[in-house]
Amino acid sequence: MIIASWNVNSIKVRLPNVLEWLKQRNPDIACLQEIKCIDANFPVQAFEELGYNVAVHGQKTYNGVAILSKLPFDEVQSRLPGDESDGQARYLEAVVPADTGVLRVASIYLPNGNPVESEKYSYKLDWMERLQAHIGRLLAYEEPFVLAGDYNVIPAPEDVYDPQAWAGDALFRLETREKFYAMINMGLTDAFRACSDQTHQYTFWDYQRGAWARDHGLRIDHLLLSPQAADKLKGCQIDKDVRGGERPSDHVPIWLELD
DNA sequence: ATGTCGATACTTTATCGA
């Protein structure tokens, strides 16, 4: 079973790229972020024609997440608990049937948080605390789950082309990383890092300053696994070539294979 | 020194977010 995550940066613009990639990679489940459209404008039919069930949590202009699944949805929940006043569409969770029991998957678009002196950064930190609390509840089920998404967190210096240049950024500063480690330390597995010691393997290259041509990238899209999912992990890869395609997203797909 | 992309609206350029 292949489970993927991809920040598409507007599904309206990226639909041809996404359809082409789905046909090639053929994931069982694909978690999308930054669809940047309301539910009614999400191209459900195009995905259904490829055999996917579709769950969407959209928003006008910003954010928006979706899950495409060849397996039917038993359950779908479209908000991260902990703040009823949070209107940003950044979390979508679904349960699908698995060979033994169930598999839970979430599509996550964690706030960017820049600039750090603004309320955007406190919102990011609050959001991470809410996610950590939710992870605690999910772990209690002792079931396989995959939290897939754009975390806007660079876990370690080897995950960025120039750590010094990013030291104070909301994606890399220690306070951010500590919150990320706190989640990992609850018992989650970073699928890519569990499968590879390779440094400087990126999932995002900025559109600006020739970042792609210079390989100035960041590893900020992650697949975090519960112990029960990690036991089934066979491999994890980044589809880097997608960034060199026509009218690409600034992020590329990352995917894992479970037994 | 410069360099991008996508969505929006009192739109055809400026602004915001990333």
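In what follows, every chain begins at residue 1, and chains take the letters A, B, ... in the order their sequences are listed. The shown structure was predicted, so the numbers you read here are calculated from the model rather than taken from an experiment.
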- Using the C1' atom in both, what is the distance from B:dC10 to B:dC5, to the nearest Å? 25 Å
- Query: So, are A:Arg219 and A:Asp159 salt-bridged, with charged N and O less than 4.0 Å apart?
  - Reply: yes
- Note on the structure: The answer to which of A:Arg214 and A:Asn63 contacts DNA chain B further toward the 5' end, by nearest nucleotide, is A:Arg214
- Message: Could you tell me how far B:dT2 sits from B:dT13 if I compare only their P atoms? Round to whole Å.
- Response: 23 Å
- Item | Sugar-phosphate only, base, or nothing, as touched by A:Tyr109 at under 4.0 Å among non-hydrogen atoms | sugar-phosphate
- Query: Which is the 5'-most and which the 3'-most nucleotide of DNA chain B that has an atom under 4.0 Å from a heavy atom of chain A?
  - Reply: B:dG3 to B:dA18
- Query: When rounded to the nearest Å, what value does the distance between C1' atoms of B:dT12 and B:dA7 take?
  - Reply: 15 Å
- Taking only residues at least two apart or on different chains, which pairs with a member in residues 87-114 of chain A satisfy ring-ring contact (aromatic ring centres under 6.0 Å, His included)? A:Tyr91-A:His134
- Query: NA contact type, A:Arg14, heavy-atom cut-off 4.0 Å: base, sugar-phosphate, or nothing?
  - Reply: sugar-phosphate
- Message: Under a 4.0 Å threshold between the charged nitrogen and the carboxylate oxygen, would A:Arg243 count as salt-bridged to A:Asp250?
- Response: no
- Are A:Phe180 and A:His222 close enough that their ring centres sit under 6.0 Å apart? yes
- Message: Between B:dT11 and B:dC16, how far apart are the two C1' atoms, rounded to whole Å?
- Response: 15 Å
- Could I get the full list of ring-ring contact (aromatic ring centres under 6.0 Å, His included) partners for A:Phe204, not counting sequence neighbours? A:His251
- Starting at the 5' end of DNA chain B, which residue's closest nucleotide do you reach first, A:Asp206 or A:His251? A:Asp206
- Query: Between A:Ser226 and A:Leu188, which heavy-atom pair has the shortest distance, and what is it?
  - Reply: CA-CD2, 4.1 Å
